[in-house]
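What follows is a single structure, written as structure tokens, with notes after it.
Position 1 is the first residue of the sequence; numbering continues from there. Worth saying up front: this structure is predicted, and the values here are computed from it rather than measured.
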Amino acid sequence: AERGDRKLVIGVHRDLTEELKAQGFFPGLFEKSSDAIYLVDDDGLQVVQANEAACRFTGYTREEFLRRTVADLVPPPYRNRIPEYHAAVKASGYRRDRRMLQRKDGSVVATDQAVSRVEISGRPYYIASCRDLTEQERAGKELEEAKAFLEHVQEHASDGLALVDENGVYVAVNQKILEWSGLKREDLIGKPWMKNTAPETLEAFRRNWEQLMRGEPVTMRTTIAPPAGAPPIVVDVSSAMIRRGDRKFVFAIIRDVTDQ
């Protein structure tokens with residue numbers, strides 16, 4: 001700059017301390033993340049960077065990983081979907097879903113994969129973050145198996161089991177109740193449990209129901225009328241109210257005490 005007959009130089013100083021810290025921080029975050037993360041070039045879908053977790057997860061050395069393309073990481077049955085997936089992420093900028101990933105040894109693992117489109121020096125890239133779902137899916141399978149086993153036990157229990165909603169309508173009954181009543185499941189589900197109650201016991205049953213809705217357990221003895229010609233079945237009923245969200249249900253255990 002000039003001022004009269006003198007020439008001056010103007011210097012601007014900018015503190016780059018935080019910027020330089022950030023430049024060191026983010027690569028460190030990328031490298032030390034517990035999730036497998038790798039960077040893919042839009043041109044040819046070539047892997048250009050991968051963190052330690054990605055190498056460990058797939059079984060590749062870093063040098064081997066950087067020679068992979070997306071097709072190398074996708075199991076053969078799914079490779080025909082790559083162009084469609086590429087186009088979708090390119091258009092939306094982000095996608096997250098369950099994806100299968102193929103390791104170096106050929107094994108296939110389910111992952112929770114998030115892919116984001118990014119620009120680096122004006123070039124498009126995709127950064128993929130993968131989380132192993134093996135343990136989560138194994139636990140989910142065990143839970144489903146345990147649930148199925150419990151349902152089997154409940155269905156074939158020697159006691160009668162019934163679940164009724166807050167309106168007194170049957171939600172579920174087990175096989176023993178159907179056996180005692182001679183009814184089919186569809187004859188009970190969706191129907192009020194007091195529908196076939198004898199008039200002389202109806203008032204007592206209503207009081208018990210009010211008690212249950214207050215959260216107080218109820219134990220009572222009553223009879224079940226079996227199919228025509230069979231003697232009544234004397235049962236002890238233990239009931240309690242349970243909550244699920246903002247709804248109330250009553251779970252009842254019904255035991256045959258006729259011979260006692």
- Message: Testing Val257, Ile224, Thr258, Ile253 one by one against Val235 for a side-chain contact (heavy atoms from CB on, under 4.5 Å), which residue passes?
- Response: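 Among Val257, Ile224, Thr258, Ile253, the one that satisfies the side-chain contact (heavy atoms from CB on, under 4.5 Å) with Val235 is Ile224.
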
Taking all non-hydrogen atoms of both residues into account, name the closest pair between [X] and [Y] and its distance.
X: Met100; Y: Val108; answer: CE-CG1, 3.4 Å
X: Met213; Y: Glu166; answer: SD-O, 4.2 Å
X: Leu188; Y: Ser181; answer: CD1-OG, 4.5 Å
X: Pro232; Y: Thr223; answer: CB-CB, 4.3 Å
X: Val115; Y: Ala128; answer: CG2-CB, 4.0 Å
X: Thr61; Y: Cys55; answer: C-SG, 4.2 Å

More than 12 heavy atoms from other groups under 6.0 Å of [atom1] on [X]:
X: Phe205; atom1: CZ; result: yes
X: Glu84; atom1: CD; result: no
X: Arg255; atom1: CZ; result: no
X: Arg244; atom1: CZ; result: no
X: Arg117; atom1: CZ; result: yes
X: Asn80; atom1: CG; result: yes

- For salt bridge (Lys or Arg N to Asp or Glu O under 4.0 Å), just list the numbers for Asp165 and Arg247, CA-CA rounded to whole Å, side-chain angles, deciding distance to a tenth of an Å, and then say yes or no. CA-CA 8 Å; Asp165 70 13; Arg247 296 196 62 189; 3.8 Å; yes

- Task: Given side chain to side chain contact (heavy atoms under 4.5 Å, CB included), test Val171 with Phe249 step by step and report yes or no.
- Result: CA-CA 9 Å; Val171 175; Phe249 295 88; 4.2 Å; yes

- Item | Path from Phe251 to Ile254 over hydrophobic side-chain contacts below 4.5 Å |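 Result: no, two separate clusters.
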
- Are Tyr94 and Leu45 grouped together when hydrophobic residues (ILVMFWY) are joined by side-chain heavy atoms under 4.5 angstrom apart?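 Unlinked, Tyr94 and Leu45 end up in two clusters.
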
- Salt-bridge criterion met for Glu155 and Arg185 (N-O under 4.0 Å):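 Salt bridge present between Glu155 and Arg185.
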
- Item | SB check Lys141 Glu144 (cutoff 4.0 Å) |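 The answer is no: the pair does not qualify as a salt bridge.
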
Output the distance between atom [atom1] ([X]) and atom [atom2] ([Y]), rounded to the nearest 0.5 Å.
X: Leu163; Y: Gln154; atom1: CG; atom2: CD; value: 9.5 Å
X: Gln211; Y: Met241; atom1: CD; atom2: CE; value: 11.5 Å
X: Thr219; Y: Asp236; atom1: OG1; atom2: CG; value: 8.0 Å
X: Arg207; Y: Leu212; atom1: CZ; atom2: CG; value: 13.0 Å
X: Asp256; Y: Ser158; atom1: CG; atom2: OG; value: 9.5 Å
X: Asn174; Y: Asp159; atom1: CG; atom2: CG; value: 8.5 Å

Within a strict 4.5 Å, meaning less than it, do heavy atoms of the [X] and [Y] side chains meet?
X: Glu119; Y: Tyr125; answer: no
X: Val40; Y: Thr69; answer: no
X: Ile177; Y: Leu161; answer: no
X: Val250; Y: Ile242; answer: no
X: Val164; Y: Trp209; answer: yes
X: Trp180; Y: Pro226; answer: no
X: Val70; Y: Tyr85; answer: no
X: Tyr60; Y: Leu73; answer: yes

Quick one: does any side-chain atom of [X] pair with a main-chain N or O of [Y] as donor and acceptor, under 3.5 Å?
X: His86; Y: Ile82; answer: no
X: Arg221; Y: Val234; answer: no
X: Arg62; Y: Ala50; answer: yes
X: Asn167; Y: Val169; answer: no
X: Gln46; Y: Arg68; answer: yes

- Item | Identified salt bridge (Lys or Arg N to Asp or Glu O under 4.0 Å) partner of Asp112 from the options Arg98, Arg96, Arg99, Arg131 |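 Looking at Arg98, Arg96, Arg99, Arg131, the match for Asp112 under the salt bridge (Lys or Arg N to Asp or Glu O under 4.0 Å) is Arg96.
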
- Can you find a side-chain donor-acceptor pair between Asp35 and Ser33 that sits under 3.5 Å?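 No, because no side-chain N or O of Asp35 sits under 3.5 Å from a partner of the opposite role on Ser33.
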
- Task: Could you walk me through whether Tyr126 and Lys90 pass side chain to side chain contact (heavy atoms under 4.5 Å, CB included), step by step?
- Result: CA-CA 9 Å; Tyr126 302 95; Lys90 194 169 188 176; 3.3 Å; yes

- Query: Would Thr111 and Asp132 count as a side chain to side chain contact (heavy atoms under 4.5 Å, CB included) if you check the C-alpha gap in whole Å, the side-chain angles of each, and the deciding distance to 0.1 Å?
  - Reply: CA-CA 5 Å; Thr111 67; Asp132 188 355; 5.6 Å; no

- Taking it one step at a time, do Glu210 and Arg206 satisfy salt bridge (Lys or Arg N to Asp or Glu O under 4.0 Å)? CA-CA 6 Å; Glu210 291 170 1; Arg206 283 177 176 159; over 6 Å; no

- Name the orientation class of the two ring planes belonging to Phe65 and Tyr38 (parallel below 30°, tilted from 30 to 60°, perpendicular beyond 60°).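 It falls in the tilted class, 30° to 60°.
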
- Task: Please test Val237 against Thr222 for side chain to side chain contact (heavy atoms under 4.5 Å, CB included), starting from the C-alpha separation and ending with a verdict.
- Result: CA-CA 8 Å; Val237 182; Thr222 186; 4.0 Å; yes

